[in-house]
Structure formats: C-alpha cells, structure tokens
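We count ligands from 1, going down the list as the structure has it; atoms in each ligand are counted the same way. Numbers here simply count residues along the sequence, with the first being 1.
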Amino acid sequence: MSRIATIEIDGKKFELPIIKGTENELAIDIKKLRLLTGGITTIDSGFKNTGSCESAITFMDGEKGILRYRGYSIEDLAEKANFLEVAYLLIFGDLPNAEELEKFHNDIKAQAHVDEDVKKIIDGFPKAAHPMGVLSSLTSALVAFNPTSVNVDSEEEMYDAIVRILGKFPVLTAWAYRKQAGLPLEYGDNSLGYVENFVKMMFKKPAAEYEPNQVVIDALNKLLILHADHEQNCSTSTVRIVGSSNAGLFVSLSAGINALWGPLHGGANQAVIEMLEAIKEDGGDTKKYISKAKDKTDSFRLMGFGHRVYKNFDPRAKIIKVAADEVLNALGVDDPILDIAKGLEKEALEDSYFIERKLYPNVDFYSGIIYRALGISTEMFTPMFALGRLPGWIAQWHEMRVRKEPIGRPRQVYIGETYREFISANKR
Ligand code: SDX
C-alpha cells in the first residue's frame with residue numbers, strides 16, 4: 001500500500017506520494033509540488049532534510065552507525081577485502097570473481113601512465129603548492145590528453161574513461177607528493193598490486209633499493225576502503241551535479257576534489273593533525289580546547305568531531321582508532337598526539353555540549369595519525385582521502401548517468417529588492 005503525504009496551505013489540501021527504499025527509509029516525493037500548488041517550492045539550507053536522488057550504492061544509518069557498500073558491511077570489507085575489488089563492487093554492483101578482477105586490473109594497468117607533457121604542467125607549480133590544488137588541476141588537465149573520455153555515453157565509453165582515471169589518478173597523486181618532496185616523478189611497478197604500486201610510486205627513493213613494507217600497504221588498503229564512498233556527501237553531490245550537465249567524468253571528479261579540500265569536509269584530516277599539534281605545543285591542555293569548541297564566540301571547532309548523518313558513532317572512526325594502535329605498534333612509532341587525541345575524545349564524550357549535540361569522532365579524527373606514521377606528509381592527507389573516494393565518486397557519477405538523472409538545478413526564495421526604475425548616472 002503506497003503512502004501519501006497531505007499538506008494543507010490556506011485551507012487547500014495537496015497530496016504527495018511517499019516513496020520507500022529497500023532499507024525502509026521514507027521520503028516525500030515533491031517532484032510535482034510546484035505544479036500542484038501553483039508555484040510553492042521547499043527550502044532546506046545545506047539539504048539537511050532533502051534527498052537528491054535514489055541510489056543503490058551506499059547505505060548509511062546515522063542512528064545505528066551502519067555503513068554498507070552495495071549491501072556489504074564496512075567492517076567486513078575493511079577486514080577481508082582489497083581496495084581494487086571494493087572499487088569494482090562500488091562501480092559495477094557486485095564483488096568481482098578472480099577473472100573479472102584480473103581483467104579490471106589489467107585494463108587499469110594498461111592506463112597507468114600519463115603523457116610526458118603532464119610533467120611540464122607539474123613543473124609549472126611552485127613546490128609549496130598544496131597537493132589538492134595540484135591534483136584537481138591535473139585531473140582536469142587529463143581531459144586534454146584523453147579527448148575520448150569527454151563525451152562518454154555508451155557503457156563501453158564510460159568503462160574506458162573509468163579505467164583510465166583509475167590508472168592515472170594514483171600516478172597524479174604520487175607525483176603531487178613527489179613534486180612537493182623534491183623527488184623525481186617516477187612510475188612504480190605494474191606487476192605489483194594496485195595499492196602496493198601506489199605506495200612504491202609514493203616512497204621509492206632515487207638510486208636506492210625499494211623495500212616494500214607490508215604494514216604500510218595493509219594499513220593503506222584498509223584506509224582507502226574506509227574512505228571509498230559515503231552516499232551524498234558534499235564532494236559526491238558536487239561530482240553528481242557537475243556530471244548532470246553532461247560534463248565529462250574527469251572534470252566532474254576535479255570538481256569533487258575541490259569540494260573535498262574544504263576543512264569542514266575531507267580537509268578535516270589535515271586540520272585534525274594541525275589542531276592536535278597546536279594542543280601539544282600548548283602543553284597538551286585538552287580542557288582549554290574543549291572549552292574553545294563550546295564557546296560560540298570562538299570560531300574554533302573540534303576538528304574530526306561531528307557529522308551530518310552519524311548521530312551515534314562513525315563506524316569508520318571506530319575501525320581507524322583500533323588500526324591506529326595496531327599500525328603504530330607494528331611500525332614502532334610512539335606518537336604523543338595519539339594520546340592527546342584519545343584524551344580529547346574521552347573528555348568530549350563525557351561533556352554535555354557534545355553529548356546533547358550528538359558529536360562523535362568522525363572518519364577524519366584518527367586517520368591522520370596513521371597517515372603520519374606511514375610517513376605521509378600532512379598536506380597529503382586529503383589527497384589520500386581523494387584517492388580512497390575516487391571509486392565512490394566514479395560509481396555515483398556512473399549511476400547518475402546510467403539512470404539519466406536530469407540536470408541539477410535547485411530553486412530559491414528571492415529576498416532581494418523588488419522592481420526599481422533605472423536611474424541614470426547623473427541623477428544617482
Ligand atoms: C567528512 O557527509 C559526509 O559523509 C562527509 C564525510 C565523508 O565520508 O564524505 O563523512 C567526511 O566530511 C567528515 C566531517 C569532517 N569535518 C569535520 O570534522 C569538521 C568539524 N565538524 C563540523 O564542522 C560539523 O560537525 C560538520 C560539518 C561535520 C557537520 O555539520 P552540520 O551537520 O551542519 O552540523 P552543524 O554545523 O549544524 O552543528 C550542529 C551543532 C552546532 O551547535 P548549535 O548551533 O546547535 O549550538 O553542533 C555544533 C555546532 O556549532 N558542532 C560543533 C562541531 N560540529 C558541530 N561544535 C564544536 N566542534 C565541532 N566539531
């Protein structure tokens with residue numbers, strides 16, 4: 001039995017259908033609202049109560065702390081899967097068998113290079129350029145070197161664009177890091193696994209034997225899986241709305257990278273470490289920073305805390321917190337800011353301000369501590385988030401295009417001047 005929502009405006013009633021998802025989420029379908037009411041729309045700043053699409057990719061339950069990719073729990077995937085098979089799952093809907101995964105990886109490896117002229121673009125950046133700015137520019141620039149990946153309509157054309165960017169993005173990410181570190185822009189080794197090859201591209205030093213560290217590879221594999229998708233977050237919504245104008249995949253992803261850069265979003269992982277460092281420099285006075293976070297006259301926020309959807313706990317943060325201890329122990333790293341982070345978390349979770357507002361650690365609170373232990377520079381934390389989120393962005397863009405979603409074009413409520421006669425300059 002389909003449900004109906006009835007709204008009454010000035011005594012007149014309007015009926016709107018209610019749709020139900022496979023996890024029993026309910027939504028009022030307002031696509032006919034303006035027509036039915038003669039022009040009345042809705043408004044919802046930040047889209048806190050508004051769904052932008054129906055999607056079959058990721059399910060989140062913010063109250064229960066549930067996160068699933070295509071029905072598989074994030075706990076299972078983080079523990080048992082590798083990043084490339086999770087990428088395949090997100091994009092194509094099912095976990096690949098051995099043959100499907102091998103073909104997917106081979107198609108990606110065939111694209112795991114970029115035109116040598118891309119190095120001239122990288123050369124043009126100052127060494128101090130933030131790698132997120134470099135990465136979004138290079139991702140856009142890829143269009144010039146891959147013109148067949150712009151107007152992609154058929155499944156074949158989309159598949160080709162997808163394996164191209166999955167092959168080239170790790171190269172661009174590693175080279176953005178190597179540019180900043182003053183290292184030569186080198187490739188890794190395509191005979192290695194996807195994540196293993198990326199780690200080699202990042203850390204291979206000139207004229208030195210490269211020794212793989214399995215702890216680093218396993219930790220990164222888990223972190224990339226945990227970041228792979230998160231339904232309609234800010235950067236994914238950006239990728240979707242840019243792609244909805246039929247802009248190509250690469251430029252849609254470049255827009256998503258820029259949205260992710262913001263410190264309220266993916267940039268928070270860098271901001272958390274900077275915050276923890278500041279607290280350490282300030283003598284480790286966590287109580288002072290808890291008070292600052294609660295003080296409405298102070299712009300300071302407890303970075304890595306709070307979430308638009310999770311109002312209980314972020315399941316990714318729980319997994320990363322355990323992994324932080326494991327990785328630092330395995331690498332023999334003793335990082336005092338891990339203890340500061342744990343102290344901050346304990347104090348916040350016992351404070352009524354955070355409890356009332358249901359503010360818990362999110363994915364960014366502990367991830368930077370692991371990246372740091374892996375030898376990744378702070379400014380590279382958000383690019384690592386982008387590398388992890390890449391398959392999710394691709395999957396969401398692909399779903400939007402396959403479902404032929406309409407161009408995104410929200411309405412507004414105008415609050416400016418009403419009609420005014422033009423006044424010539426000499427009379428103003
Ligand atoms: C990511 O959407 C996703 O899925 C994102 C993400 C993904 O995987 O894609 O999960 C990745 O972006 C995680 C979030 C990383 N950002 C941060 O850690 C930055 C710090 N957190 C916040 O700025 C904030 O919590 C947001 C942006 C994450 C969520 O903001 P909302 O949902 O708009 O909530 P809000 O700003 O309206 O806050 C509600 C209340 C306010 O207080 P009151 O006005 O009710 O008194 O909580 C307060 C806020 O001031 N608050 C905080 C706080 N976060 C919210 N107070 C202090 N410190 C914080 N971190």
So which heavy atom in the protein is nearest [atom], and how far is it from that ligand atom?
atom                    : answer
atom 22 (C) of ligand 1 : Arg301 NH1, 3.3 Å
atom 4 (O) of ligand 1  : His230 ND1, 2.6 Å
atom 14 (C) of ligand 1 : Asn362 ND2, 3.5 Å
atom 20 (C) of ligand 1 : Phe305 O, 3.4 Å
atom 15 (C) of ligand 1 : Asp364 OD2, 3.3 Å
atom 6 (C) of ligand 1  : His307 NE2, 3.7 Å
atom 55 (C) of ligand 1 : Leu359 CD2, 3.6 Å
atom 28 (C) of ligand 1 : Gly306 O, 3.6 Å

Option nearest atom 12 (O) of ligand 1 (shortest heavy-atom distance, choices His265, Gln232, Met60):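 Shortest heavy-atom distance from atom 12 (O) of ligand 1: His265.
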Any N/O pair Tyr353/ligand 1 closer than 3.5 Å: yes
Backbone or side-chain N or O of Arg316 under 3.5 Å from ligand 1 N or O: yes
Interfacing atoms of ligand 1 (cut-off 4.0 Å, heavy-atom, [X]):
X      : value
Arg308 : 29 (C), 31 (P), 32 (O), 33 (O)
Asn233 : 2 (O), 3 (C), 4 (O), 5 (C), 9 (O)
Arg389 : 7 (C), 8 (O), 9 (O)
Ala293 : 57 (C)
Gly304 : 17 (C), 18 (O)
Ala268 : 15 (C), 16 (N), 17 (C), 18 (O)
Met303 : 18 (O), 19 (C)

Nearest atoms (heavy-atom pairs only) where [X] meets [Y]:
X      : Y      : answer
Val363 : Phe385 : CG1-CE1, 4.3 Å
Val86  : Ala81  : CG2-CB, 3.7 Å
Trp393 : Asp229 : N-OD1, 4.4 Å
Val272 : Phe365 : CG1-O, 3.3 Å

Intermediate values then yes/no, side chain to side chain donor-acceptor pair (under 3.5 Å), Glu347 and Thr286: CA-CA 8 Å; Glu347 278 179 50; Thr286 49; 2.5 Å; yes
Measuring from non-hydrogen atoms of [X] to any atom of ligand 1, is the shortest distance under 4.0 Å?
X      : value
Lys48  : yes
Lys296 : yes
Tyr310 : no
Phe300 : no
His227 : no

Phe365 contact mode with ligand 1 (heavy-atom cut-off under 4.0 Å):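 It is neither part, as no heavy atom is under 4.0 Å.
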Contact partition for Leu264 relative to ligand 1, non-hydrogen atoms under 4.0 Å: both
Lys346 and Glu350 ion-paired at < 4.0 Å: yes
SB check Arg372 Glu277 (cutoff 4.0 Å): yes
Any non-hydrogen side-chain atom of [X] less than 4.5 Å from a side-chain atom of [Y]?
X      : Y      : value
Phe47  : Ser52  : no
Asp29  : Leu16  : no
Ile257 : Phe169 : yes
Arg240 : Ser55  : yes

Lys222 and Asp218: CA distance, side-chain angles, deciding distance, salt bridge (charged side-chain N to carboxylate O under 4.0 Å, His left out) verdict: CA-CA 6 Å; Lys222 181 174 282 188; Asp218 293 346; over 6 Å; no
Plane angle bin for Phe104 and Tyr88 - parallel if under 30°, tilted between 30 and 60°, otherwise perpendicular: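 Taking Phe104 first and then Tyr88, their aromatic rings stand perpendicular (interplane angle over 60°).
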Residues in side-chain contact (heavy atoms from CB on, under 4.5 Å) contact with Ala27, at least two apart in sequence or another chain: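 Partners of Ala27 by the side-chain contact (heavy atoms from CB on, under 4.5 Å) criterion, ordered by chain and then number, come out as Ile19.
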Qualifying residues under side-chain contact (heavy atoms from CB on, under 4.5 Å), relative to Leu349, sequence neighbours excluded: Phe305, Glu345, Tyr360, Pro361
